[in-house]
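Structure, as structure tokens:
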Protein chains: 2
Amino acid sequence: MATPRPGGRTARTKAQAFEAAAALLAERDAADIAMTDIAGRAGVAATSLYRRWGDVRSLLTEMAVERLMEDSPLPDTGSLEGDLRTWGRTVAQSLCSREGSAFFRILIATAPTEDADRVGRITALGPRIQQIYDLITRALERGEPAPGVMDVTDYLLAPIYVRALFGVPADQSVADRLVDRLLAMAKAGQLVSAPP
Amino acid sequence: MATPRPGGRTARTKAQAFEAAAALLAERDAADIAMTDIAGRAGVAATSLYRRWGDVRSLLTEMAVERLMEDSPLPDTGSLEGDLRTWGRTVAQSLCSREGSAFFRILIATAPTEDADRVGRITALGPRIQQIYDLITRALERGEPAPGVMDVTDYLLAPIYVRALFGVPADQSVADRLVDRLLAMAKAGQLVSAPP
DNA sequence: GAACTAATGCAAATTATTTTGCGTTAAGGA
DNA sequence: TCCTTAACGCAAAATAATTTGCATTAGTTC
């Protein structure tokens, strides 16, 4: 039978490969990174990488997803405003750093275009959507009025994403302003407040 | 002296190459397109393409920029609301089509990460920013109150871009709703109205 | 700690990509 | 029309990327 071995050596190889990939991505463009380069810096045979990931794209994508998820955990401040503010700042800081921006762009660049891919593309957006959903659900459970998931996506996440993609700096004040306006719109009753 | 020859044959080669590139991009992922493939479909020698564009990335980028600019011309309806609505619909339709989405992702994927690049990355965003600027300037000259360029970017362009990138469909009603809320915010005085 | 085998490394073979040299075609100006 | 030469096509050479076969290492189970 085929018994998988996630232990010791395998995990070490993956860690080395991901670290090398991240380092290379920090110094040059994704399109200029070859499997050979990653193998060389990681101190690993290129054959191993080919056998495990098939091609550079897959390796880079997997690495980027893993790294991006490590950042921006879900806060719990007790109020929607506090949660959104904290989360917005974290996301902005994570994505607009040089590293975060590169990871994010990798996800978009490598997302397949085909039909089955829609799932793949949403994968990149998905986890954050889930976080938004959780924040809103908690607010509604507390009895607070809250905007819909798509509203938060449109008016908080999207502006941050666009800044990250195009290299426009986004500090805390930018995130704060976005949150302020989102909440103002929600209070003015302009956004749909759909309970889960 | 080196006299450039943009005429006949040169233009034809470029047109054939771009058409082939666009066709290939419609059926497979950008990373799976080789210079050889484009040359083959275009009925052109690969050497010519290498000599002119250097690599596949440059060719695809140049093509995508050209094609994206052909769409979404600047409207002039006489009112800011009308202009924004028309323009928003056009941009949404252009970017969220299968083809437009692929072109747009190419721009982001191939934009260099380095320092000098900031210019390069903004290139993709730039033309639309200019359009926004023009719309707003016209409105202010008519005496209409108008939001700032970054406001339109954040609340109209960014949501559309994010939908395009992640494959979320965006029809006219989505664009219309975004415009409505943007204008509502502007009227409520929440947005900075900075004259040029 | 011995047997089993997934995962790795290494070298050679294979395939794909990119460059180079040179003859040919055709645009642009006289 | 004729001349000049930019842009092209073709074939061969040079590089780079990927695959394959086999020996070796080291988790995992018993």
Side-chain angles (χ1 to χ4, degrees), chain A residues 1-25 27-66 106 109-110 112-113, chain B residues 1-25 27-66 106 109-110 112-113:
Chain A
M1 67 190 89
T3 56
R5 300 179 178 182
R9 187 171 55 164
T10 301
R12 206 177 313 130
T13 302
K14 179 182 163 186
Q16 288 169 322
F18 278 16
E19 193 182 326
L24 285 169
L25 203 55
E27 59 190 42
R28 45 178 132 134
D29 204 64
D32 300 327
I33 298 176
M35 199 63 114
T36 314
D37 302 327
I38 301 177
R41 178 168 309 207
V44 162
T47 357
S48 306
L49 304 185
Y50 275 115
R51 270 191 274 246
R52 254 173 97 170
W53 285 282
D55 53 24
V56 195
R57 278 208 310 164
S58 305
L59 197 162
L60 288 179
T61 303
E62 205 172 297
M63 184 275 293
V65 169
E66 196 174 287
I106 282 287
T110 60
T113 322
Chain B
M1 67 191 88
T3 56
R5 300 180 179 181
R9 187 170 58 161
T10 300
R12 207 177 313 131
T13 302
K14 178 182 164 186
Q16 287 170 321
F18 279 15
E19 193 182 326
L24 285 168
L25 203 54
E27 60 191 40
R28 44 177 133 134
D29 204 64
D32 300 326
I33 298 176
M35 200 63 113
T36 315
D37 302 327
I38 301 177
R41 176 165 313 205
V44 161
T47 343
S48 305
L49 304 186
Y50 274 115
R51 270 191 272 247
R52 249 172 103 171
W53 285 281
D55 53 25
V56 194
R57 275 208 313 163
S58 305
L59 197 162
L60 288 179
T61 303
E62 205 173 297
M63 183 275 293
V65 169
E66 196 173 286
I106 281 287
T110 60
T113 322

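The sequence lines fix the lettering, A, B, ..., with proteins before strands; numbering per chain opens at 1.
Checking dG9(D), dA7(D), dT8(C) against the side-chain heavy atoms of T10(B) singles out dA7(D) as nearest.
In this structure, T13(A) reaches the dT8(C) phosphate: one of its side-chain N or O atoms is under 4.0 Å from OP1 or OP2. In this structure, R12(A) reaches the dG27(D) phosphate: one of its side-chain N or O atoms is under 4.0 Å from OP1 or OP2. Under 4.0 angstrom from either OP1 or OP2 of dT8(C) there lies at least one side-chain N or O belonging to R52(A).
The shortest heavy-atom contact between L49(B) and A17(B) is CD2-CB, 3.9 Å. Here the shortest heavy-atom pairing between D32(A) and R57(B) reads OD2-NH2, 4.2 Å. In plain terms, the two heavy atoms of V56(A) and A34(A) that are nearest each other are CG2-C, 4.2 Å.
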Under 3.5 Å, which N/O atoms of the protein pair with N/O atoms of nucleotides 18-22 of chain D?
from, atom 1, to, atom 2, distance (Å)
dT18(D), OP2, Y50(A), OH, 2.1
dT18(D), O5', Y50(A), OH, 3.0

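Protein atom CG of L49(A) is 12 Å distant from nucleotide atom P of dC10(C), rounded to whole Å. One can place CD1 of I33(B) at 12 Å from P of dT17(C), the figure rounded to the nearest angstrom. D37(B) places its CG atom 14 Å from the C1' atom of dT18(C), with the value rounded to the nearest Å. In this structure, D32(A) atom CG and dA17(D) atom P are separated by 11 Å, rounded to whole Å.
A donor N or O paired with an acceptor N or O is found under 3.5 Å between the base of dA7(C) and the side-chain atoms of R9(A).
Counting only heavy atoms from C-beta outward, the side chains of E66(B) and K14(B) approach each other to under 4.5 Å.
Here the CD-CG distance, from E19(A) to L24(A), works out to 11.0 Å after rounding to the nearest 0.5 Å.
In terms of the side-chain hydrogen bond (donor to acceptor under 3.5 Å, both in side chains) criterion, residue partners of R41(A) (sequence neighbours excluded) are, by chain and number, E27(A).
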